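This report refers to the structure that appears directly beneath it.
Small disclaimer: the values here were computed from a predicted structure and weren't measured. Only this structure's heavy atoms are used, side chains among them; waters, hydrogens and symmetry mates stay out. Ligands are counted one by one from 1 in listed order, and the atoms in each one are counted from 1 as well.
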Amino acid sequence: MNQPMPSPGTSLPLSGLAPVKPIQLPRQLSEAEFGMFAQLGQRRVVRAGEIVFQRGEFGRSMFVIESGRVQLEFGDGRPDKLIGAREFFGELTLFIGNHARVAKATVVIDATLHLIEHEAFETLLHAHPVVMAGFMRRSFAYLVSSEQQLIANLKRRNEDLLVTLDSLRRTEAELGTVQRLVQTDELTGLCNRRGLYMFLETLERRRLPGTDMALLLIDVDNFKQINDTCGHLVGDQVLRAIAGTVQEAGAPCDLPCRLGGDEFALIAQVRTRDDIALRARQILNGVQALHLPGCEQVRVSIGGAICDADNDWAHWYSHADVALYEVKAAGGDSWRLLTP
Ligand SMILES: Nc1nc2c(ncn2[C@@H]2O[C@H](COP(=O)(O)OP(=O)(O)OP(=O)(O)O)[C@@H](O)[C@H]2O)c(=O)[nH]1
């Protein structure tokens, strides 16, 4: 004899044993519940592709599925859900009353639904309080557990985001350190040529109203001789000491840097020519006052130029270099400003 095929969610009765009770899915209605809802609900046939309600839409009713399939899209991190015969959806708005729908419901296989309005539910509640109380208890437990799941998911996502944010912050800090290193002269700690070029890109933004930018080129006199007679290590100390002197002569908004070898520069923000002279003399005096063990006398020559907004670094540098050359030619240990 042909046995009928079992429906999904049911178990086969084993021969000789008592029939096993059909497994009820967490959101599946019992025969009794379904019968009550079907009797009082408004029966509707809905075609595949039709939207039953949108997420965020206000409502006071729930739906029971007699046949077909409905997809629920929560859009809040929870996975979409596909539900079928004897299952229900939209009950939260029925219990709370005029509440926004938490999911979008779309029929994906032609369905027969029963719309349960608030009034119909009240009637059922009065007529079958025990059955309806059981239904409500199950529904609440399900809602609470799915909210808890959502909270756990959000917590996990938040933790993941915090970890990502932390690693981004670390990468940013590392990039900052690398950028600083790349722009810093290793021997003196001053800005190097790369750092100077980056500074020049923002020069116009940095210029305060009523000020000019000036360039002072500082070159050690006879540095080769210092190296030759005192040794390279002393030479290095001399370069570090001069770097300190150039830095001290600059204002906080100035940029002292080492261009390479025994050549330094100070980009200074000045109001008058006297401001340039003041810095140049401070460097000359500071270097003259240096007393380094193993090195008798250190002197520098300085050439200056105004950094006019119409020209660029190459132009300012060549002007300052001309002035520097003139100072060197005259014996060094002095300064000169090349005026346009
Ligand atoms: N100790 C030391 N010496 C350096 C460094 N970089 C370049 N030098 C040396 O600096 C010297 C610069 O010499 P020159 O360009 O001939 O200049 P100078 O001897 O100062 O002559 P004038 O500029 O005409 O006064 C060279 O001997 C380089 O080897 C460095 O980092 N440390």
With respect to Glu66, which candidate in His114, Arg44, Arg86 satisfies the side-chain hydrogen bond (donor to acceptor under 3.5 Å, both in side chains) definition?
-> His114
Are side-chain heavy atoms of Ile267 and Leu203 found at a separation under 4.5 Å?
-> yes
Please list, chain by chain and in numerical order, all residues satisfying salt bridge (Lys or Arg N to Asp or Glu O under 4.0 Å) with Arg69, sequence neighbours excluded.
-> none
Glu73 meets the side chain to side chain contact (heavy atoms under 4.5 Å, CB included) criterion, sequence neighbours left out, with Gln71, Asp80, Lys104, Thr106
Are Arg138 and Glu33 ion-paired here, with the side-chain N under 4.0 Å from a carboxylate O?
-> yes
Listed once per pair and sorted, the side chain to side chain donor-acceptor pair (under 3.5 Å) pairs that draw on residues 201-217, sequence neighbours left out | Thr202-Arg206, Glu204-Arg207, Thr211-Gln269
Within the protein, flag every N or O under 3.5 Å from an N or O of ligand 1, and note the pair and distance.
| residue | atom | partner | partner atom | Å |
| --- | --- | --- | --- | --- |
| ligand 1 | 1 (N) | Asn227 | OD1 | 3.0 |
| ligand 1 | 1 (N) | His232 | O | 3.2 |
| ligand 1 | 1 (N) | His232 | ND1 | 3.4 |
| ligand 1 | 1 (N) | Asp236 | OD1 | 3.0 |
| ligand 1 | 3 (N) | Asn227 | ND2 | 2.8 |
| ligand 1 | 19 (O) | Phe223 | N | 3.2 |
| ligand 1 | 19 (O) | Lys224 | N | 2.8 |
| ligand 1 | 20 (O) | Val220 | O | 3.0 |
| ligand 1 | 20 (O) | Asn222 | N | 3.4 |
| ligand 1 | 20 (O) | Phe223 | N | 2.7 |
| ligand 1 | 20 (O) | Asp262 | OD2 | 2.9 |
| ligand 1 | 23 (O) | Asp219 | OD1 | 3.0 |
| ligand 1 | 23 (O) | Lys328 | NZ | 3.0 |
| ligand 1 | 25 (O) | Asn222 | N | 2.8 |
| ligand 1 | 25 (O) | Lys328 | NZ | 2.9 |
| ligand 1 | 31 (O) | Arg258 | NH2 | 2.9 |
| ligand 1 | 32 (N) | Asp236 | OD1 | 2.7 |

